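Chain letters run A, B, ... following the sequence lines, proteins first, then strands; residues in each count from 1. Please read these numbers as outputs of a predicted model, since none were measured by experiment.
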2 protein chains.
Amino acid sequence: MKHLYDFLTDKLKKQNIRLSSRRLKVLEYLCQNSNHPTVDQIYVSIQQKVPNLSRTTIYNTLHILIKAGLVRVIAIEDHETRYEIVTKDHGHFKCEKCGTIFDFKLDLATLVTEELINFQITDKNVYFKGICPNCLATAEDHP
Amino acid sequence: MKHLYDFLTDKLKKQNIRLSSRRLKVLEYLCQNSNHPTVDQIYVSIQQKVPNLSRTTIYNTLHILIKAGLVRVIAIEDHETRYEIVTKDHGHFKCEKCGTIFDFKLDLATLVTEELINFQITDKNVYFKGICPNCLATAEDHP
DNA sequence: GTTCCTGCAAAAGCTTTGCAGAAGA
DNA sequence: TCTTCTGCAAAGCTTTTGCAGGAAC
């Protein structure tokens, strides 16, 4: 985790983005928690250590990190914006029972179609929904 | 278009969902406009013919149609919920310049991964973003 | 007569905006 | 010092909720 965090702060420095304490906290949270958090989850966690933290700061920071190419939005569900550190190709699976979002490997380069040959594609997202193994097992126990 | 509309109203009848005038208008709009509309676009269009229409009714109707399996949500962008009639496998491409959403053919059945072998997958979404050919051409004219 | 729709108004969430004071370079 | 961040309060949007009147069956 240490490596990723350092790599990211370097990236910010190169873009002349100030490494303020709040921004580093947000970055740290995202590096340590691969749970695709909402703004509120980030806020609640950091707010425990930084008493008079504002949600506005979380929003600001996320927007800056997105613009800098370090963070991406997961819009798997309407009205539930989530965020994650930009990493290599993967898809997202959301369990509709427990709400957990799982990553799964996926080679997005193979996802091509002749129809889009004249389009400039900058971003690819794959979202699946269903029931995860844990919830499936629970459903069997209590049918 | 006539065939799709009839097929859908039949589906509602079979589920004992009343075919009220507002619901039929929403269904008609979605069948005739494959532009992946927002709630507001649907509202504004129908409201021209039905003066004291309420946004609440559009929301209610869409929720009913989603539950009945006739309509699906497109959550390609956070805070911009869009809707479409459920049709065969396809992906969505959103142009970040003009905002248009394009459909493209895609065989979702081939989108599988060993990692999810124990998951029950009920829904697959593929969202691309970038610039559409029209906007690319315009950018060349005015660089 | 009973059930279900519809529209209105209000409330609830989430996100953005404007600004003054604080912190960082 | 000068620039940029931060937190607060308020505003803006979208969506949901509660309810009374009305339409459909």
Side-chain angles (χ1 to χ4, degrees), chain A residues 8-29 36-68 70-83 99, chain B residues 9-29 36-68 70-84 99:
Chain A
L8 294 174
T9 51
D10 277 357
K11 251 186 143 178
L12 288 181
K13 272 182 206 156
K14 277 178 196 154
Q15 296 187 51
N16 285 317
I17 295 170
R18 276 193 196 167
L19 281 67
S20 73
S21 71
R22 307 300 140 97
R23 288 179 186 169
L24 293 177
K25 281 261 186 296
V26 171
L27 211 51
E28 194 186 319
Y29 180 89
H36 316 85
T38 61
V39 164
D40 214 63
Q41 286 176 308
I42 302 171
Y43 171 74
V44 168
S45 171
I46 299 179
Q47 197 255 1
Q48 287 170 4
K49 298 165 212 158
V50 184
N52 55 347
L53 177 70
S54 167
R55 249 169 262 263
T56 306
T57 302
I58 309 292
Y59 281 107
N60 284 339
T61 303
L62 287 171
H63 291 163
I64 286 165
L65 294 177
I66 289 166
K67 206 173 169 186
L70 273 65
V71 168
R72 62 185 291 149
V73 170
I74 305 174
I76 195 167
E77 201 79 69
D78 48 318
H79 291 251
E80 189 191 70
T81 312
R82 294 174 170 276
Y83 303 86
Chain B
T9 51
D10 277 358
K11 251 184 145 179
L12 288 180
K13 272 183 208 158
K14 276 176 196 154
Q15 295 188 53
N16 284 319
I17 296 170
R18 277 192 198 166
L19 283 65
S20 73
S21 71
R22 307 299 138 101
R23 289 179 184 170
L24 293 177
K25 281 262 187 295
V26 171
L27 211 52
E28 194 187 319
Y29 180 88
H36 318 85
T38 60
V39 164
D40 213 65
Q41 286 175 306
I42 302 171
Y43 171 73
V44 168
S45 170
I46 298 179
Q47 196 254 2
Q48 287 170 1
K49 298 166 211 159
V50 184
N52 57 346
L53 177 70
S54 168
R55 250 170 261 263
T56 306
T57 302
I58 308 292
Y59 281 106
N60 283 340
T61 303
L62 287 171
H63 292 162
I64 287 167
L65 295 177
I66 289 165
K67 206 173 171 187
L70 273 65
V71 168
R72 63 185 288 149
V73 171
I74 305 173
I76 194 168
E77 201 79 69
D78 49 318
H79 291 253
E80 188 190 73
T81 312
R82 293 173 172 276
Y83 302 86
E84 69 174 356

Subject >> B/Ile42 side, atom CD1; B/Tyr59 side, atom OH - distance, nearest 0.5 Å >> reply: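 Atom-to-atom, B/Ile42:CD1 and B/Tyr59:OH are 10.0 Å apart.
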**OP:** State the OG1-CD1 distance between A/Thr61 and A/Ile46, to the nearest 0.5 angstrom.
**Re:** 8.0 Å
Original post:
For A/Ser20 and B/His79, take the nucleotide of DNA chain C holding the closest heavy atom to each; which residue's nucleotide lies nearer the 5' end?
Top reply: B/His79
**OP:** Mind running a 4.0 Å heavy-atom check of residues 54-64 of chain B against DNA chain D and sending the residues that fall below it, in number order?
**Re:** B/Thr56, B/Tyr59, B/His63
**OP:** Indicate, with a heavy-atom threshold strictly under 4.0 Å, whether A/Thr81 touches base, sugar-phosphate, or nothing.
**Re:**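 The residue A/Thr81 makes sugar-phosphate contact but no base contact.
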**OP:** For B/Leu53, answer base if it contacts any base atom (sugar-phosphate contacts may also be present), sugar-phosphate if it contacts only those atoms, and nothing otherwise; contact means non-hydrogen atoms under 4.0 Å.
**Re:**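 Sugar-phosphate: the residue B/Leu53, judged by heavy atoms under 4.0 Å, touches backbone atoms but no base.
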Original post:
Given axes from five pairs at either end, by how many degrees does the helix from C/dG1-D/dC25 to C/dA25-D/dT1 bend, rounded to 10°?
Top reply: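 End-to-end axis angle for the helix from C/dG1-D/dC25 to C/dA25-D/dT1: 30°, rounded to 10°.
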Atom pair distance, as rounded to whole Å: [atom1] in [X] and [atom2] in [N]:
X       : N      : atom1 : atom2 : result
A/Arg23 : C/dA22 : CZ    : P     : 19 Å
B/Asp78 : C/dT15 : CG    : C1'   : 10 Å
B/Arg82 : D/dT15 : CZ    : C1'   : 16 Å
B/Lys67 : C/dC5  : NZ    : C1'   : 15 Å
B/Asn16 : C/dC5  : CG    : P     : 11 Å
A/Leu24 : D/dT4  : CG    : P     : 18 Å
B/Tyr43 : D/dC13 : OH    : P     : 16 Å
A/Gln47 : D/dT6  : CD    : P     : 16 Å

Original post:
Under a 4.5 Å cut-off applied to non-hydrogen side-chain atoms, are A/Thr81 and A/Val39 in contact?
Top reply: no
Original post:
Any side-chain heavy atom of B/Leu27 within less than 4.5 Å of one from B/Leu12?
Top reply: yes
**OP:** State which residues pass side chain to side chain donor-acceptor pair (under 3.5 Å) with A/Thr56; sequence neighbours excluded, sorted by chain then number.
**Re:**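 Listed in chain order: A/Ser54.
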Original post:
Start at the 5' end of DNA chain D and walk down; is the nucleotide closest to B/Val39 or to B/Arg18 reached first?
Top reply: B/Val39
Original post:
Within the distance-only criterion (no hydrogens, no angle test), does the side chain of B/Arg82 pair as donor or acceptor with the backbone N or O of B/Ile74 below 3.5 angstrom?
Top reply: no
Subject >> Donor-acceptor contact present, side-chain B/Ser45 to main-chain B/Gln41, <3.5 Å >> reply: no
Original post:
Which atom pair, heavy atoms only, marks the closest approach of B/Ala68 to B/Ile17?
Top reply: CB-CD1, 3.8 Å
**OP:** Walk me through it: do B/Val71 and B/Val26 pass the test side-chain contact (heavy atoms from CB on, under 4.5 Å)?
**Re:** CA-CA 11 Å; B/Val71 168; B/Val26 171; over 6 Å; no
